[in-house]
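Working notes for the structure below.
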Amino acid sequence: MAELSKGYEPGKTEGQWYQSWESKKYFHASEDHKGQPFSLVIPPPNVTGSLHMGHALNNTLQDVLVRYKRMQGYNAVWIPGMDHAGIATQMVVERMLAKEGIKREQLGREKFVEKIWEWKAESGGMILGQQRRLGNSTDWERHRFTLDEGLSKAVRKVFVDLYQQKLIYQGHRLVNWCPRCVTAVSDLEVKHVETKGSLWHIRYPTEDGQGEVIVATTRPETMLGDTAVAVNPKDVRYKALVGKKVTLPLINRKIPIIADDVVDKDFGSGVVKMTPAHDFNDYETGLRHKLEQISIFDSHGVLNQNAGSFKGLKNPEARKKVLEALTDGGFLVKEEPHAMAVGKCDRCDAVIEPMLSDQWYVKIAPLAKPAIEAVESGKIKFVPENWTKTYLEWMYNIRDWCISRQLWWGHRIPAWHCKDCQHVTVSLVDATQCEKCKSSNIKQSDDVLDTWFSSALWPFSTMGWPEKTKALETWYPTNTLITGFDIIFFWVARMIMMGLHFMKEVPFHTVYIHGLVRDERGQKMSKSKGNVVDPLGLIEDFGADALRFTLVSLVGAGRDIKFSEDRLDGYRNFINKIWNATRFALGAVEGVTPVEPASAAELSLADRFIIYELERTIKSVTVALDELRFTDAAMELYQVTWGEFCDWYLELSKPVLYGQDSRAKERTAFVLHSVLMRLVKLLHPFTPFVTEEIYQKLPKHGESICLEKYPTLDDSFLKLGSKTSAQEISVIKAVVTGIRNIRGENRISPAEKIKARTVSTDKKMLEILSANLPFVTSLARLSELNLTSDLGETKKCAINPIAIGDSRLQVVVPLEGLVDLDEEIKRIQKEIEKAQKDLSLAERKLSQDTFVKNAPPEIVELEKTRQSQLTDRIKQLEQALTRLK
RNA sequence: GGGCGUUUAGCUCAGCGGUAGAGCGCCUGCCUUACAAGCAGGAUGUCGUAGGUUCGAUCCCUGCAACGCCCACCA
């Protein structure tokens with residue numbers, strides 16, 4: 001046998017295994033495979049940079065699931081890919097060019113987009129490498145990029161279809177505009193940040209110069225675009241003024257005083273300035289009152305000619321100068337502090353300026369309706385389900401989606417404007433002439449589509465839509481979508497809408513939502529805070545398996561994860577533990593040929609017990625994974641592997657394997673290998689690398705663990721286990737623990753072999769012990785163990801009473817010559833105290849007849865057993881104490 | 001302003017109607033022939049707060065408090 005290193009070294013083998021898996025195409029799924037289909041599509045990472053911990057978590061969960069399903073015999077496919085991430089990527093490349101002093105306008109559209117492609121190749125390549133390091137078992141042959149030819153075709157088809165169905169339209173209206181990105185953005189891309197601002201009160205004189213109204217505003221510079229002031233129709237203070245005009249300060253425009261219900265008479269002065277071209281409220285009100293719309297900013301947020309002498313200024317100067325002018329003119333009444341939510345660009349953090357412009361919109365209500373029904377009816381389920389409400393709330397109040405962006409990186413809108421007749425031609429193929437007047441004097445829109453437009457099609461576009469492919473036929477709809485809560489609206493909701501509209505079928509049945517990975521203090525990881533943890537670095541230090549297992553163990557039920565290296569350290573140790581268990585399993589069995597037992601009777605109690613534990617584990621892990629309770633599955637495996645297999649079974653197998661009975665050795669060797677093999681398979685979806693490494697070392701292995709069947713209850717090997725063996729082993733465990741407790745508390749060195757005896761009048765107990773004597777002496781490190789029914793001499797002896805159900809047993813360890821008795825006295829006194837506390841609790845309960853009358857009989861029974869157990873225990877302990885000396 | 005979530009051992013979190021659990025950390029003793037990335041033993045909690053339902057509440061209900069997140073056009 002080749003020597004296995006003492007510690008597991010993931011770095012040495014992980015990369016090789018991945019290469020081997022990939023070259024053998026284990027992750028490639030064929031439409032012709034006879035298994036039941038199972039499919040996942042990856043949330044495509046942005047090509048903006050490298051993967052972070054969120055990706056590591058997200059991908060690990062998907063990989064666990066798809067490996068599990070694949071091993072179960074499903075025709076499982078996990079489709080990988082990347083997102084061009086329009087605005088985000090364009091900004092990254094713009095920033096890079098800026099460092100060289102280059103602006104994108106200098107390069108021109110074509111050259112600039114070329115630069116982005118270059119960058120995409122580099123960054124995308126890095127992401128692919130990272131995904132492989134993590135162990136993603138994606139079907140690489142199906143890898144897609146949102147700007148691929150095929151996906152672009154899908155995008156165009158969707159756009160044209162929706163346009164023809166009148167679900168896409170062009171509108172001239174107010175949009176969220178980012179002056180720094182110089183593009184429109186959707187409602188979702190505006191983050192409202194609570195900010196301490198001011199409320200300025202400004203005097204607007206009436207036209208006749210006789211009176212005035214005071215308006216309150218948080219954005220005084222926009223007054224330059226005011227076209228009215230408004231009051232509440234029920235406000236008696238201003239009733240007489242409605243219909244009259246005021247003179248707009250600085251500009252001297254005469255603007256009407258209108259009455260509208262939107263005005264809250266109790267806020268500020270009860271008079272609101274109306275800036276229809278730069279405020280959503282005012283825009284709406286303006287439409288109702290047919291107010292003039294005056295844009296005062298250009299696309300970069302610079303004041304234009306409509307701002308009179310303020311032209312050329314930009315905020316915050318613009319505001320400052322306007323306020324100065326207002327003060328000089330005596331128009332400024334006061335300034336008071338005011339908290340408000342300022343809209344900021346999700347991408348660049350610039351203040352969003354509502355602006356009038358021509359944009360393309362998706363009419364969303366008709367698409368939203370079936371998407372709401374799909375979730376309400378349970379056709380699509382959220383896990384955890386409280387996200388259902390979040391989704392539905394948003395969908396009920398959804399507004400038309402602005403899909404055009406004034407960017408260069410993305411899918412260009414397939415619309416051609418005719419300069420002769422102004423008609424817009426929307427076409428699947430590039431148009432050469434106007435469809436209406438046939439003029440060739442046409443120009444394609446410069447705008448591109450919101451990046452989420454293409455990702456909305458992801459579940460079917462990646463499978464080749466609009467072609468009728470076998471992939472679609474086989475794998476659409478997908479089964480489970482695993483993603484973060486932050487993109488439920490951006491992505492999940494839109495996929496549901498598009499899937500239902502174009503495929504007439506939901507894109508997935510289950511949406512598993514996980515939280516954010518935060519740092520150990522619970523803070524969001526961000527480059528600016530410098531607390532970003534690079535998953536690749538962790539993989540270098542701890543191995544991919546340890547990282548994966550840590551993430552799965554922390555993911556819990558949909559809440560955020562506080563990530564700390566301590567945890568990772570612990571699970572790295574777990575990986576090492578399995579590794580060393582394997583070293584033992586191989587080393588201790590050297591020279592022994594494992595022989596399959598003919599029946600359970602040929603096996604030791606320990607053998608039968610661990611097989612039973614294995615069966616239990618298969619059941620619970622399978623149920624947990626089927627319910628997407630990843631953490632529960634992982635914890636169960638951790639517990640059984642370490643707590644039962646290593647701590648108990650391996651120790652119990654030692655007396656056999658190091659003993660003389662070669663038949664027994666052969667049987668135990670068989671069980672040891674069989675159980676380990678199955679444990680490793682159970683673990684494989686979580687920790688693919690180490691399990692492959694171990695699998696390859698174990699006898700009778702196949703080509704790769706990736707090709708193995710996931711353990712099931714339908715396995716004749718499991719028949720060798722039994723529940724009674726688990727109950728019997730608990731007697732052994734209790735006796736061993738009882739002796740160890742005496743050893744530990746009395747500080748008897750583990751090297752010291754001691755004598756002990758167990759006393760019981762219960763024949764069954766003694767039988768179990770006598771049949772398993774070598775196990776107890778080995779685990780408790782005894783020189784001898786006597787079994788008696790009589791307590792006998794207990795002078796200078798430590799005694800530990802043990803109760804298992806109705807059975808009583810005492811463990812007696814002579815301390816003579818080992819230690820002085822003070823520690824033992826302390827130990828017993830402590831035990832008595834504890835038992836008395838517990839007993840009084842039980843007695844109090846039983847003394848209340850409301851309890852005895854009302855509680856279910858089995859609970860009362862339990863309490864009674866407890867009472868008698870504790871009474872006996874105290875009696876025995878007290879006896880022990882008095883007889884000690 | 002609406003909605004959601006959290007509050008359990010020093011830390012991170014399980015548990016969700018019958019005497020409080022795990023990992024890490026801590027204390028004690030051990031390099032016991034798989035593993036010191038280990039072994040054995042031990043300590044640690046008015047389960048956020050005030051009420052209510054119940055024979056019984058960490059768990060269910062109602063207030064309250066603190067923290068966090070999402071959505072929203074109050075100038």
Side-chain angles (χ1 to χ4, degrees), chain A residues 4 6-8 187-188 192 199 215-219 222 230 262-264 266-275 279-285 338 340-341 343 354 386-387 389-390 393-394 397 485-486 488-489 515-516 520 522 542 546 553-554 556-564 566-567 569-588 631-632 635 638-639 643 646-647 650-651 654 658 737 740-751 753 781 827 830 837-839 841-842 845 848-856 858-860 862-863 866:
Chain A
L4 268 63
K6 205 168 161 186
Y8 177 57
D187 296 339
L188 281 175
H192 294 273
L199 192 60
V215 303
T217 178
T218 54
R219 301 173 62 216
T222 62
V262 292
V263 182
D264 174 358
D266 298 323
F267 185 91
S269 57
V271 186
V272 190
K273 58 192 272 313
M274 286 287 130
T275 322
D279 182 282
F280 286 98
N281 248 334
D282 299 359
Y283 177 78
E284 293 296 329
T285 315
H338 183 73
M340 56 181 180
N386 57 293
W387 291 108
K389 196 160 181 181
T390 307
E393 277 305 311
W394 188 70
N397 300 305
F485 65 83
D486 50 330
I488 290 178
F489 306 145
L516 235 55
E520 66 266 281
F542 296 88
S553 77
L554 290 171
R559 43 193 225 169
D560 287 354
I561 288 174
K562 277 185 207 172
F563 186 85
S564 89
D566 285 350
R567 281 307 269 267
D569 214 43
Y571 292 118
R572 187 263 319 266
N573 296 352
F574 174 61
I575 307 292
N576 191 51
K577 187 78 183 175
I578 313 165
W579 174 253
N580 274 293
T582 308
R583 282 180 65 216
F584 171 77
L586 296 175
T631 307
D632 292 348
M635 288 301 101
Y638 179 96
Q639 158 55 26
C646 291
D647 287 351
L650 293 188
E651 294 305 321
K654 281 177 184 174
Y658 295 147
T737 306
R740 281 174 176 171
N741 172 265
I742 292 172
R743 289 189 87 116
E745 292 285 276
N746 287 290
R747 296 201 187 90
I748 300 168
S749 155
K753 295 244 177 167
R781 305 189 67 76
R827 199 201 109 235
K830 204 166 65 183
K837 223 169 78 187
D838 291 348
L839 179 64
L841 252 161
K845 267 193 177 178
Q848 298 164 340
D849 42 289
T850 44
F851 170 74
V852 182
K853 250 193 298 187
N854 295 322
E858 65 269 23
I859 296 299
V860 178
L862 198 99
E863 217 55 43
R866 193 172 286 152

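Counting any heavy atom pair closer than 4.0 Å across all strands shown, A:R740 reaches sugar-phosphate atoms only and no base atom. A:K389 comes within 4.0 angstrom of sugar-phosphate atoms only, judged by non-hydrogen atoms across all strands, and of no base. A:Y658 comes within 4.0 angstrom of the backbone, heavy atoms only, and of no base. Across all strands, A:D486 comes closer than 4.0 Å to no nucleic acid atom at all (heavy-atom distances). Backbone-only contact: A:F489 has heavy atoms under 4.0 Å from sugar-phosphate atoms and none from a base. Using a 4.0 Å heavy-atom criterion, one finds that A:P354 contacts no nucleic acid atom at all. Among the protein residues, A:V263 comes within range of the nucleic acid bases, having at least one heavy atom under 4.0 Å from a base atom. Looking at heavy-atom distances under 4.0 Å, A:L650 makes contact with a base. In this structure, A:R743 reaches neither bases nor backbone, as no heavy-atom distance under 4.0 Å exists between it and the strands shown. Using a 4.0 Å heavy-atom distance criterion, A:A855 is classed as a base contact. Nucleic acid contact class of A:N741 (heavy atoms, under 4.0 Å, all strands): sugar-phosphate only. Within the 4.0 angstrom heavy-atom criterion, base atoms lie near A:R567. Within 4.0 Å of A:T737, counting heavy atoms only, lie sugar-phosphate atoms of the nucleic acid but no base atom. Using a 4.0 Å heavy-atom criterion, one finds that A:E651 contacts the bases of the nucleic acid, with or without backbone contacts as well.
Across the P atoms, B:G10 and B:U44 are found 12 Å apart, a figure rounded to whole Å. Using atom P as the reference point in both B:U54 and B:C11, the two lie 37 Å apart (nearest Å). With P as the reference atom, B:C39 and B:C31 are 16 Å apart, rounded to whole Å. Spacing of C1' atoms, B:C30 relative to B:C67, comes out at 45 Å, to the nearest Å. To the nearest whole angstrom, the two P atoms, one in B:U12 and one in B:G17, are 26 Å apart. On the P atoms, B:A9 is 11 Å away from B:C13, given to the nearest whole Å. Comparing the C1' positions of B:U7 and B:C64 gives a spacing of 14 Å, expressed to the nearest Å. Look at the P atom in both B:C24 and B:C61: the space between them is 34 Å, to the nearest Å.
Closest of all the heavy-atom pairs between A:F851 and A:K845 is CD2-O, 3.3 Å. Residue A:H338 comes nearest to A:F267 through the heavy atom pair CE1-CZ, 3.6 Å, listed as atom of the first residue, atom of the second, then distance. Scanning all heavy atoms of the two residues, the minimum distance from A:N281 to A:T285 falls at O-OG1, 2.7 Å. Heavy-atom minimum distance, A:V272 versus A:V215: C-CG1, 4.4 Å.
The residue among A:N854 and A:G744 whose nearest nucleotide of RNA chain B lies closer to the 5′ end is A:G744. With the nearest nucleotide of RNA chain B identified for both A:R572 and A:K830, A:R572 has the one nearer the 5' end.
Taking atom NZ of residue A:K562 and atom C1' of nucleotide B:G23, one finds them 16 Å apart after rounding to whole Å. We find that CD of A:E393 is positioned 9 Å from P of B:G3, with the value rounded to whole Å. When the P atom of B:C27 is taken as reference, atom CD of A:E745 falls 17 Å away, rounded to whole Å. With rounding to whole Å, A:R827 atom CZ is found 11 Å from B:G41 atom C1'. Distance A:M340 CE to B:C73 C1': 14 Å, rounded to the nearest Å. Summarising the geometry, the separation between CD1 on A:I748 and P on B:A40 is reported as 17 Å, rounded to the nearest angstrom. Between the CG atom of A:N746 and the C1' atom of B:A40 there is a distance of 14 Å, given to the nearest Å. Residue A:M635 contributes atom CE, which lies 10 Å from atom P of B:G23 at whole-angstrom precision.
Nearest nucleotide to the side chain of A:F267, out of B:C55, B:C74, B:A72: B:C74. Listed nucleotides B:A75, B:G18, B:G23 differ in distance to A:K845; the shortest reach to its side chain belongs to B:G18. Nearest nucleotide to the A:Q848 side chain, out of B:C55, B:A34, B:A75: B:C55. In this structure, the nucleotide among B:A34, B:A36, B:C55 sitting nearest to the side chain of A:K6 is B:A36. Closest approach to the A:F485 side chain among B:C69, B:C55, B:G23 is made by B:C69 (side chain taken as heavy atoms from C-beta onward). Of the candidate nucleotides B:G29, B:C39, B:A75, B:A75 has the atom lying nearest to any side-chain atom of A:V272. When each of B:A37, B:U19, B:G5 is scored by its nearest atom to the side-chain atoms of A:N386, the top-ranked nucleotide is B:G5. Of the candidates B:A37, B:C13, B:A40, the closest approach to any side-chain atom of A:D647 belongs to B:A40.
Counting distance only, with no hydrogens placed and no angle test, the side-chain atoms of A:K577 and the base atoms of B:C35 include a donor-acceptor pair under 3.5 Å. Under 3.5 Å, the side chain of A:D566 and the base of B:C24 form no donor-acceptor pair of N or O atoms.
The closest side-chain donor-acceptor pair between A:K562 and A:S564, if any, does not fall under 3.5 angstrom.
OP1 or OP2 of B:A75 has at least one side-chain nitrogen or oxygen of A:H338 nearer than 4.0 Å. Put simply, A:N573 has a side-chain N or O that comes within less than 4.0 Å of OP1 or OP2 on B:G38. Note on A:N576: every side-chain N or O is 4.0 Å or more away from OP1 and OP2 of B:A37.
Using cut-offs of 30° and 60° on the angle between ring planes, the pair A:W394 and A:F489 is parallel.
A donor-acceptor pair under 3.5 Å links the side-chain atoms of A:R781 to the main chain of A:P750, judged by distance alone. With hydrogens and angles disregarded, a donor-acceptor distance shorter than 3.5 Å links the side chain of A:D560 to the backbone of A:L516. Not a single donor-acceptor pair under 3.5 Å links the side chain of A:R866 to the backbone N or O of A:L839. Without hydrogens or angle criteria, A:R567 side chain to A:S553 main chain gives no donor-acceptor distance under 3.5 Å.
The side-chain tip of A:K577 does not point at the ring of A:Y638 from less than 6.0 angstrom away and within 45° of straight on.
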Legend entry - Intra- and interstrand pairs of RNA chain B - dot-bracket, Watson-Crick/G-U under 3.5 Å, | marks other strand: ((((((((.[[[[.)..(..]]]].(((((.......))))).....[[[[[..)....]]]]])))))))....
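Contact annotation: the side chain of A:R827 approaches that of A:N741 to within less than 4.5 Å [non-hydrogen atoms, C-beta and beyond].
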